[in-house]
Amino acid sequence: MADAYLNGIALDCETIDDGFRKSLAVNEFPYRDRAVIGDMGLEAVRIRLRCYFLADRYEAHRALLEQLKNGKRFELDHPEYGLMSGAVQSVSVRRDERKRTAEIDLEFVEGDAEIEAAPVADVAAGAESHFATGLSSAADDFAGAATAALNADAASILGVELDQDQGILSQFTGLSRTARDYVRRIDTVEAHFAQTLNDVALPANALISTIEFGRNLPGRLLGAVARCAARYSTLLATTRTAPARFIQSLNDGFVELDAALWIAPISGADSHARSMFYAAAALETGVQLGSLFGADQDRRTAQQQAESEPGFDISGQYLRSASAEAVMNVREIETTLATVRGLIDTAVDLSRSNDSLKQMAELLLRHATQIKLVREQIVRIALANATPLHLVCLHNGLSYRAAERIMAINAIARPNFTSGSIDIYGR
């Protein structure tokens, strides 16, 4: 008998048998002697052990059985084979209570742990959800700030239902001087947002069209601010094919609008409206990046599926596949994420209680991190001569269709003459 250890439990055992089998594809053909055999590799190594628990160690067999019943993965330190990882497939027990002896036969199967595919969250849908709740929080924050600033006058301002076709100030009467000055400034700011890019028509399916804004003062201002932000996105829609340029242009537009609108020093009504503006701008930019990330992930998944498809049929005819769409490279992902998170940081500084802004930032960061984790599978190779990228793929056991994804992680100006050191995906 020899000592072995199973998940740290010492075993007095002997090996009943062990061995391995080859997985062979045996192809036999009519009117032809002999078979064509394809070696498909080794099957799992199996080891059968008989473990003894005698006298004082009798009770220890119960702990082992409990682990064997509930455990899924085991490490076996075998005296001949060393440390092995796998699972226990079958267990047979023989015990004698009077003699306090127990024998346990177990079959250990060596193998790797099953790797569960990490779920890819729907980043676009998540961003849209945070967009709606974030706008609602922005309206609540504005109401809270106005109440703190106007005290008793706040009830006479925030509780009034406004006609959307009339100016704000004209619908209020009997206000104190402080309250009237506050409403006058909000009226001016709201009109400015409503008139900015008012010649840009929002698409019928725009996300903003699905959101109901309140008919009170916070809702009226929020509607004007959010629609203005959406018009900026619509105006720049033609640049969405260049994600970094689109997001940066959107950010620059909001920063310019911010610089041109407020009267220094920023306080009172201006301060409250500016907080709402930055919340809406950050949420709009975040939801646009979420949409870009979602579309990019769809293209990435389509490329991976296309790479696993055969390039030729059984008769040797070339199977033409759809042209692969380019995916965002790591630089574009990091640049766009940094721009959006910078805008969100500004919005959070002005409105600490808007948790949806923080959740959107976390959602986008988590998605970008998950995409970049694929880089753990990337290896660097050196090319001695200028080589077509498709041939590089084939030489390294990859489908030639992986060329598009490899282009996304390298700066390759001439794919037909790839040279030097490049990154490729590991097999």
Side-chain angles (χ1 to χ4, degrees), residues 1-26 38-122 301 304 308 362-363 365-380 396-398 423-427:
M1 292 192 295
D3 291 333
Y5 294 88
L6 186 69
N7 277 12
I9 298 177
L11 305 176
D12 292 332
C13 64
E14 62 178 337
T15 301
I16 299 175
D17 62 58
D18 60 72
F20 59 86
R21 287 167 50 91
K22 280 289 191 76
S23 179
L24 301 178
V26 181
D39 189 339
M40 309 298 289
L42 287 174
E43 294 183 1
V45 175
R46 296 173 181 269
I47 300 176
R48 291 181 59 209
L49 300 175
R50 177 164 296 167
C51 307
Y52 299 93
F53 296 85
L54 310 174
D56 294 341
R57 298 197 66 248
Y58 174 73
E59 294 298 333
H61 87 280
R62 303 186 191 278
L64 176 62
L65 289 176
E66 191 67 23
Q67 281 214 23
L68 293 173
K69 183 185 298 183
N70 299 319
K72 294 183 178 179
R73 303 298 307 173
F74 293 91
E75 284 191 348
L76 174 65
D77 191 352
H78 193 272
E80 295 291 337
Y81 295 103
L83 189 62
M84 307 171 68
S85 177
V88 175
Q89 184 169 31
S90 63
V91 178
S92 176
V93 185
R94 295 175 299 280
R95 60 169 69 92
D96 189 329
E97 292 280 355
R98 293 173 299 175
K99 297 181 180 180
R100 296 183 63 78
T101 61
E103 295 180 2
I104 298 178
D105 292 352
L106 58 88
E107 184 176 16
F108 179 86
V109 182
E110 184 184 25
D112 297 325
E114 182 178 355
I115 301 175
E116 296 183 2
V120 178
D122 189 342
T301 301
Q304 291 173 334
S308 62
E362 181 185 7
L363 172 73
L365 176 62
R366 193 185 313 119
H367 178 82
T369 301
Q370 187 174 19
I371 296 302
K372 291 195 295 181
L373 281 176
V374 178
R375 292 186 67 85
E376 294 181 357
Q377 304 172 11
I378 293 175
V379 295
R380 179 163 282 267
N396 289 275
L398 300 172
D423 293 330
I424 66 169
Y425 289 94
R427 287 179 290 176

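What you are looking at is a predicted structure, and each value in this text was computed from that prediction instead of being measured.
Residues satisfying the side-chain hydrogen bond (donor to acceptor under 3.5 Å, both in side chains) test with Ser23, not counting sequence neighbours, are none. Applying the ring-ring contact (aromatic ring centres under 6.0 Å, His included) test to Tyr58 and every residue at least two apart in sequence or in another chain returns His61. With sequence neighbours left out, the side chain to side chain contact (heavy atoms under 4.5 Å, CB included) criterion links Val109 to Ala44, Arg46, Gln89.
The residue from Thr15, Asp105, Leu11 that alone fulfils the side-chain contact (heavy atoms from CB on, under 4.5 Å) condition with Arg50 is Asp105. With Leu68 as the fixed residue, the side-chain contact (heavy atoms from CB on, under 4.5 Å) test singles out one of Val91, Val93, Asn7: Val91.
Annotation: the span from Cys13 atom SG to Ile47 atom CD1 amounts to 10.0 Å, rounded to 0.5 Å. Going from atom CG of Asp12 over to atom CZ of Arg57 covers 5.0 Å, rounded to the nearest 0.5 Å. The structure places CZ of Phe53 at 7.5 Å from CG of Leu65, a figure rounded to the nearest 0.5 Å. Here the CG atom belonging to Asp96 is positioned 11.0 Å from the CG atom belonging to Leu54, to the nearest 0.5 angstrom.
Between Arg73 and Ala87, the shortest heavy-atom contact is NH1-CB, 4.3 Å.
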**OP:** Run the numbers on Leu49 and Leu76 for side chain to side chain contact (heavy atoms under 4.5 Å, CB included), then give the verdict.
**Re:** CA-CA 11 Å; Leu49 300 175; Leu76 174 65; 4.0 Å; yes
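The shortest side-chain heavy-atom distance between Phe108 and Val45 does not fall under the 4.5 Å cut-off.
Within a 6.0 Å radius of CD in Glu59, other residues, nucleotides and ligands contribute more than 12 heavy atoms.
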